[in-house]
Amino acid sequence: MAEITKSYEARDVEQKWYAAWLQAKAFRGTVDPQREPYSIVIPPPNVTGVLTMGHVLNNTLQDVLIRRARLEGRSAMWLPGTDHAGIATQTVVERELRKQKKTRHDFGREKFVEKVWEWRHEKGGIILEQLRRLGASCDWDRTAFTMDPAYSKRVLHVFVELFKRGHIYRGKRMVNWCPASLTALSDEEVIMKPVNSTLYRVRYELASQPGRFVEVKTTRPETIPGDVAIAVHPDDPRFADMIGQKVRRPIGPAADIPIIADSAVDKEFGSGALKITPAHDKVDYEIGLRHKLPVIDVLEANGTLNALAGDELAGLDRFAGRKKAAELLRASGALVDEEAYSNNVGYSERADVPIEPRLTEQWWLRYPKVEEAKAAVRDGHIKFHPERWSKVYLHWLENIQDWCISRQLWWGHRIPVWYRKGADRSDPQNWHVSVDGPADPQNWEQENDVLDTWASSWLWPFATLGWPDEGEMKQQGFDYFYPTSTLVTGPDIIFFWVARMIMAGLEFVRPGEPIERRIPFRDVYFTGIIRDQQGRKMSKSLGNSPDPLDLIATYGADGLRFGIVSIAPQGQDIRFQEDRIESGKNFCNKLWNACRFRQMSGEAGDNSTLGAIITRLDPSRFDGDDHAILDRLLVTTKEVERCFREFEFSAAVQALYGFFWNDFCDWYVEVSKSKLQAPETKPNCLAIQDLVLRQTLLLLHPFVPFITEELWSLLGYANQGGFIQTTRLETAAGLQAALEARGLVLDRALIAGVESLKTFVSQARALKAEHNLASRRDVQFQVIANDAAWATLDASTAKLIRMVGAAGMARRDKVEGAPAVVTPLGTLYLDLASTVDVGAEKIRLTKELEAISKHVAATEARLSNEAFVSKAPPAVLAGARKQLADQQAKRAELERLLKAL
RNA sequence: GGACCUUUAGCUCAGUUGGUUAGAGCGUUUCCUUGACAUGGAAGAGGUCACUGGUUCGAGUCCAGUAAGGUCCACCA
C-alpha cells in the first residue's frame, strides 16, 4: 500500500479519481427495483455560461445529496444538461458577428441559426466541463440540451397540446418590448429600477377657448405626438366643465384631442389630468379601449421615433427625442415647468435598457393547473426548504397573469404554427398547428416567432426522461425516477422556473393519477445568494466574483466544496469569505494527516469491511477514551442523519468538523499515542482508529469526494478495489447494534469521566502557562483528590502526563505554598522548584474566586425563589442543586488556597 | 402600498421544542518547529444577544411595538 505523503496534493488526486469514476461508469443512474430511487435534475445552466460561485454552491449541494443517496444504498441519478438561453446565446453570437461588421440579417435566419449551432459546438457547454472539475457526479450519458432534436420535439408537442386544450391564444396586446433585443419579454423578465428623471409640466390649450389650458405632468414628452386624449377623473370639479371639449396637441402633427372622464385617473396625482397615449402605456391603452380611442404608435421597434412623431422628432432615439420634445415645448411656451423626479422604470433584465410598452401580436399562455399547483405546495406534496418561500410562490400564483411565450428571435423553438399563404392571419381557420407541419408546406408560411426559453425548460424534469415517447421513457427509467427527489435552485427563479415546472408536471405527466405521482419533485431546496464582502450580489459586470477554477487550483475542489457548504446556512444569503475556503483546505489537510498518523502507527489489520474491523475490537481493553470516541462517533453520525433530513448542510459539515478535529484529533489521537506504546492496548486502539476513520470518511465523502476516495484506498478500506461511493454507509442505529453484538455497550459513567479528564488536562495546561512553563515537559504535579477521583486519574496517569506535558503526578494529602487550580478531579498543584510569586498567585486566585462567587450567588438566588422551586421541572431543579453544590465546593477550595498563601 | 428576511465577539455566522457560566471559524495576544499535521499544537483576551415593553419561576429563544439594513411583489402619469 502506498505511503501517505506529508501534505495533501489535491490536483493529481482529483484528476486520477475523476477519470477512474468515469471509466467505471460510477455515476450511472440505473433502474434497480431492489433499491429506492433518488433523482435530481440539474437546473440547466445557460449554454453560454461559465462556472460562478453560485453554480459552485448549487451544484456542490446537489452532488452532496446524490453521493449521500448512493452511500445510503439508493439508486442515484443526477441528470445534467444545458439551456439554449434564447436571448443570451443569440446576443453572444451576434456580438461575434458584429466584430466582422455583420448582423444576423446579412446571413438570414437559416444561416444564422447554423452559426449559433457552430458556436455551441465549439464554445458552448464549457460549464459542464467545469462541473467535472468540481467533482460533480452527474450521469453524463444523459446530458440533455433544450435544443436537442428530441427535446425540441417535446417542446413543440406541449405547445400543440396546450393549443388544442385551449390554453394558448394569439392576440394583439401590450407587451414589454425590449428595444435592444427587439423582442417581447414576459413580466418576469422586467425589473423595476428607480431612475432620476424629469417631470415635465405641459399645458394643452383648449381648442374652443384659446387662452385656457389643461396642464398634465409627464416624464415622457416625446410621446405627446401619440396623445389621443386628456383624461380626468369624472368627479373632479376642476375639470367638470371641460369634459367633452378638445385641446390642441402641443407638438407633433397638429390635432385636436378630446378631454375624457375616466375613474382610473388619480385626482391627487400631479395636476389631476392625464395625457392618454394608448400606444405607449399600459394604463393609457386600457383607457383607450374603454373610450374607443385611436392608437398612434410613434416609436419604431428599436426605440427611435417615427414619422408619426412629426418632422422634428422623426428619426431620433427615444432619449434624444425626449430632450428635443422638451425643447420644442419650451419654445412654444407649452412647457410650464420641469422638476427633478425619481420614478420606477422597467428595464429589460438581459439587455439592461428601459423596456417599452408596445402593442404587438404575440402568443399567450393561460397557465394550466394553477389551483392544483397551489395545492401541491400548500398540502405538502412538494416541500419547500426553507418553508417560507412557499408564501412567495403562493402569492405569485394568486396573482398570476397570462404568459407571453413568443419571442421575436431566431435562436429557439420556432412556434409550430403555419398560416395559409395570402389568407387572413387573424382567423384561426387559416392556421395549421402541429409538431410536424402541414402536408402541403408550399401553401403555408410558418410563424416567425420562437418560444420563450422558459417555455422549454419548464418541461425539464420529464422531457429529459423521454416523455412523452413510451419507448424513450422506458429506456430512461421514467417510471422509476419520476417524480424526481429534490430540486436545488435559487429563489430568484421561483416564478421563472419552479412554479412553471410544477404546473407543467401536473398538466402533462400521468394524467388522471394522484397528485403525488404527477408533481416534478418532492423537495425544493432554495440556496442563498452569494454576495461579496460589501453585501453586493456577485456578478460578472461588477467583477466581484472570484473564478471558481482559481479557487480549485489554490484550495482543491474538496477545499472549495467544504468551505462553500460550511458558509451556506439554510435560507440565508451568503457573504463570501475566501478564508472559509482556506479552512476547507486546512480541514482536508488535517484529515489527510490524521490518516497518515494512522498509517504510520502500525500495520493495517483487516479493513476490508465494517464487520472485519469490529471483529478486531477487543472489549476487554476498552477504557473511557475508547467509549467516549465511539459515543461521539455515534452522536455525530446521528446528527448528520438529522441534518440531511432537514436540509441543514452547513450544520452537517460543522458537526463533522468539530467531531473530527476536536474529539478525534485533539483528544483521541493524542491519548492514542500512549496506548500505542503498549503492546497490549495497541491492537484495540488501532482497530478503533480504523473504525472511526472509516465511518468519518463515509460521512465526509459527499462533501469532499476526492480526498475521501483517495484515503479510502490508501487505508485499505477499498474491498476488492471498490469505490468509497459504492460502499454502504452504516446508520448510527446500525453501527450501535453492530457494536453491541460484539459485546460493546457504551459506558455512560466512563464517558462522563473522560469529560472530567479533559477539563483536568485543560486546567493543568493553563496552570503551566500561567507560570510561563507551557513548553516545559519536566514539571511535577501533585494532586489532592478523593478516592474516586484519584481512581480516575490513576488509571490514566500515563496519558495525562503526556497530554499535559509533565514529568509526573503524585497524590498528596497536603501541599503547601504551590500554585494550584481546583478541578473536577481534585485540587491540582504545580510543584515549583523556585519560589512562587505569591502576589501574582493571589491575584489569580482572587479573580477566580470572584467569578465563582458570582455564579454561586446567582444559583442561590434561583434556588431560593419559591416559584422556581415549585414550578420548575424536577430535572432542572436537580441540575441547579447539583450545580450549586459543585460551585460551593469549588469556592470553598479556592478560599482555602488563598488562605494558605 | 403589500409581504418576507436580518440585527449575537473586531469580521462572517451557529444557537433545535424557553432551563447550568451564550458557541464556532477567521482575526487578535502569549508560548511552542516535541516523530500525523506550522495548512499545526497549547493557553488567553474579546459579547448590557439592536432598542422598548409584555408573557413566564426563568427569555438570545415566545408575543407586541420601535429603529436600522436587505429581498421580493405591485406601481400614479
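Here the structure is a predicted model, which means the values were calculated and not measured. Letters A, B, ... mirror the listed sequences (proteins, then strands); counts begin at 1.
Distances shorter than 4.0 Å separate none of the side-chain N or O atoms of A:Lys590 from OP1 or OP2 on B:rU39. Phosphate contact (OP1/OP2 of B:rA36, side-chain N/O of A:Lys673, threshold under 4.0 Å): present. The side chain of A:Trp661 places no N or O atom within less than 4.0 Å of a non-bridging phosphate oxygen (OP1 or OP2) of B:rG40. Taking side-chain N and O atoms only, A:Lys890 has no distance below 4.0 Å to OP1 or OP2 of B:rU21. For B:rU20, neither phosphate oxygen OP1 nor OP2 lies less than 4.0 angstrom from any side-chain nitrogen or oxygen of A:Gln887.
Protein atom CG of A:Leu591 is 15 Å distant from nucleotide atom P of B:rC37, rounded to whole Å. In this entry the distance linking CZ of A:Phe384 with P of B:rC4 reads 17 Å, nearest Å. Across the protein-nucleic acid pair, A:Arg802 atom CZ and B:rG35 atom P stand 10 Å apart, rounded to whole Å. Between the P atom of B:rG25 and the CZ atom of A:Phe659 lies a distance of 16 Å, rounded to the nearest Å. Atoms CG (A:Asp579) and P (B:rC26) sit 8 Å apart, rounded to a whole Å. A:Ile493 has its CD1 atom 19 Å from the P atom of B:rU71, to the nearest Å. To the nearest angstrom, P of B:rC26 lies 8 Å from CG of A:Asn586. Taking atom CG of A:Leu773 as the reference point, atom C1' of B:rU30 lies 14 Å away to the nearest angstrom.
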Distances under 3.5 Å between nitrogen or oxygen atoms of protein and nucleotides 56-60 of chain B:
unit_1	atom_1	unit_2	atom_2	d
B:rC57	OP1	A:Lys871	NZ	2.1
B:rC57	O2'	A:Asn865	ND2	2.8

Measure all distances between protein nitrogen or oxygen atoms and nitrogen or oxygen atoms of nucleotides 7-14 of chain B, and list the pairs falling under 3.5 Å.
unit_1	atom_1	unit_2	atom_2	d
B:rU12	O4'	A:Gln577	OE1	3.1
B:rU12	O2'	A:Gln577	NE2	3.4

Give every pair of a protein N or O atom and an N or O atom of nucleotides 43-45 of chain B that lie under 3.5 Å apart, one pair per line with the distance.
unit_1	atom_1	unit_2	atom_2	d
B:rA43	OP1	A:Ser762	OG	2.9

What nitrogen or oxygen pairs link the protein and nucleotides 72-77 of chain B at under 3.5 Å?
unit_1	atom_1	unit_2	atom_2	d
B:rC75	N3	A:Asn344	ND2	3.0
B:rC76	O2	A:Asp266	OD2	2.6
B:rC76	N3	A:Asp266	OD2	3.1
B:rA77	OP2	A:Tyr341	OH	3.3
B:rA77	O3'	A:Thr219	N	3.4
B:rA77	O3'	A:Thr219	OG1	3.1
B:rA77	N6	A:Asp266	O	2.7
B:rA77	N6	A:Phe269	O	3.1
B:rA77	N1	A:Asp266	N	3.4

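Judged by a 6.0 Å distance limit and a 45° cone about the ring axis, A:Lys673 is positioned over the six-membered ring of A:Phe597.
Screening A:Ile707, A:Leu700, A:Ile581 for a side-chain contact (heavy atoms from CB on, under 4.5 Å) involving A:Phe562 leaves a single residue, A:Leu700.
Of the candidates B:rA3, B:rU20, B:rU71, B:rA3 carries the atom nearest the A:Lys391 side chain, counting heavy atoms from C-beta on.
In this structure, A:Arg777 has no salt bridge (Lys or Arg N to Asp or Glu O under 4.0 Å) partners at least two apart in sequence or on a different chain. A:His385 meets the ring pair (Phe, Tyr, Trp, His ring centres under 6.0 Å) test with A:Phe647; sequence neighbours excluded. Under the salt bridge (Lys or Arg N to Asp or Glu O under 4.0 Å) criterion, A:Lys537 pairs with no residue, sequence neighbours left out.
Contact detail for A:Glu603 and A:Leu686: the closest heavy-atom pair is O-CD1, 4.3 Å. The shortest non-hydrogen separation linking A:Val377 to A:Ser390 is CG1-CB, 3.5 Å. Considering all non-hydrogen atoms of both residues, A:Gln763 and A:Lys890 come closest at NE2-NZ, 4.2 Å.
Screening residues 260-273 of chain A for side chain to side chain donor-acceptor pair (under 3.5 Å) gives A:Asp262-A:Arg290, A:Asp262-A:His291 as the qualifying pairs, with residues at least two apart or on separate chains. Pairs engaging residues 863-876 of chain A under the side chain to side chain donor-acceptor pair (under 3.5 Å) rule: none recorded [sequence neighbours left out].
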Using distance only, find each side-chain donor-acceptor pair of residues 489-500 of chain A under 3.5 Å and give its atom names and separation, not counting sequence neighbours.
unit_1	atom_1	unit_2	atom_2	d
A:Trp497	NE1	A:Ser457	O	2.9
A:Arg500	NE	A:Tyr367	OH	3.1
A:Arg500	NH1	A:Phe496	O	3.1
A:Arg500	NH2	A:Glu188	OE1	3.2
A:Arg500	NH2	A:Tyr367	OH	3.2

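Salt-bridge check for A:Glu398 with A:Lys374: passed, with a basic side-chain N closer than 4.0 Å to an acidic carboxylate O. The existence of a salt bridge linking A:Asp886 and A:Lys882 is confirmed by a sub-4.0 Å separation between a basic side-chain nitrogen and an acidic carboxylate oxygen. The pair A:Arg322-A:Glu222 counts as a salt bridge, with a side-chain nitrogen and a carboxylate oxygen less than 4.0 angstrom apart.
Side-chain atoms of A:Lys275 and A:Thr223 form a donor-acceptor pair, as typed in the model, at a separation below 3.5 Å. A side-chain N or O of A:Gln689 and one of A:Ser672 form a donor-acceptor pair less than 3.5 Å apart. Using modelled atom types and a 3.5 Å distance limit, the side chains of A:Ser186 and A:Glu189 yield a donor-acceptor pair.
Among the duplex regions that RNA chain B forms, those built from at least three successive Watson-Crick or G-U pairs under 3.5 Å are B:1-7 with B:67-73, B:10-13 with B:23-26, B:28-32 with B:40-44, B:50-54 with B:62-66, ordered by first number.
A gap of 30 Å separates the C1' atoms of B:rU8 and B:rG2, to the nearest Å. Taking the C1' atom of each, B:rG44 and B:rG27 are spaced 15 Å apart, rounded to whole Å. The same atom, C1', is picked in B:rG23 and in B:rA14; the two are 7 Å apart, to the nearest Å. With both ends at atom C1', the span from B:rU48 to B:rU7 equals 16 Å, rounded to whole Å. Here the separation of B:rU17 from B:rU34, taken at their P atoms, is 48 Å to the nearest Å. Taking atom P on both B:rA24 and B:rC63, the two are 28 Å apart, rounded to the nearest angstrom.
Taken to the nearest 0.5 Å, the CH2 atom of A:Trp592 stands 14.5 Å off from the NZ atom of A:Lys6.
Without hydrogens or angle criteria, A:Gln599 side chain to A:Ile4 main chain gives a donor-acceptor distance under 3.5 Å. Judged by distance alone, the side chain of A:Thr218 and the main-chain N or O of A:Arg220 form a donor-acceptor pair under 3.5 Å.
A heavy atom lying under 4.0 Å from RNA chain B marks the following residues of residues 663-670 of chain A, by number: A:Cys665, A:Asp666, A:Val669, A:Glu670.
The residue A:Arg777 sits close to a base: some heavy atom pair falls under 4.0 Å. Using a 4.0 Å heavy-atom cutoff across all strands shown, A:Lys882 reaches no nucleic acid atom at all.
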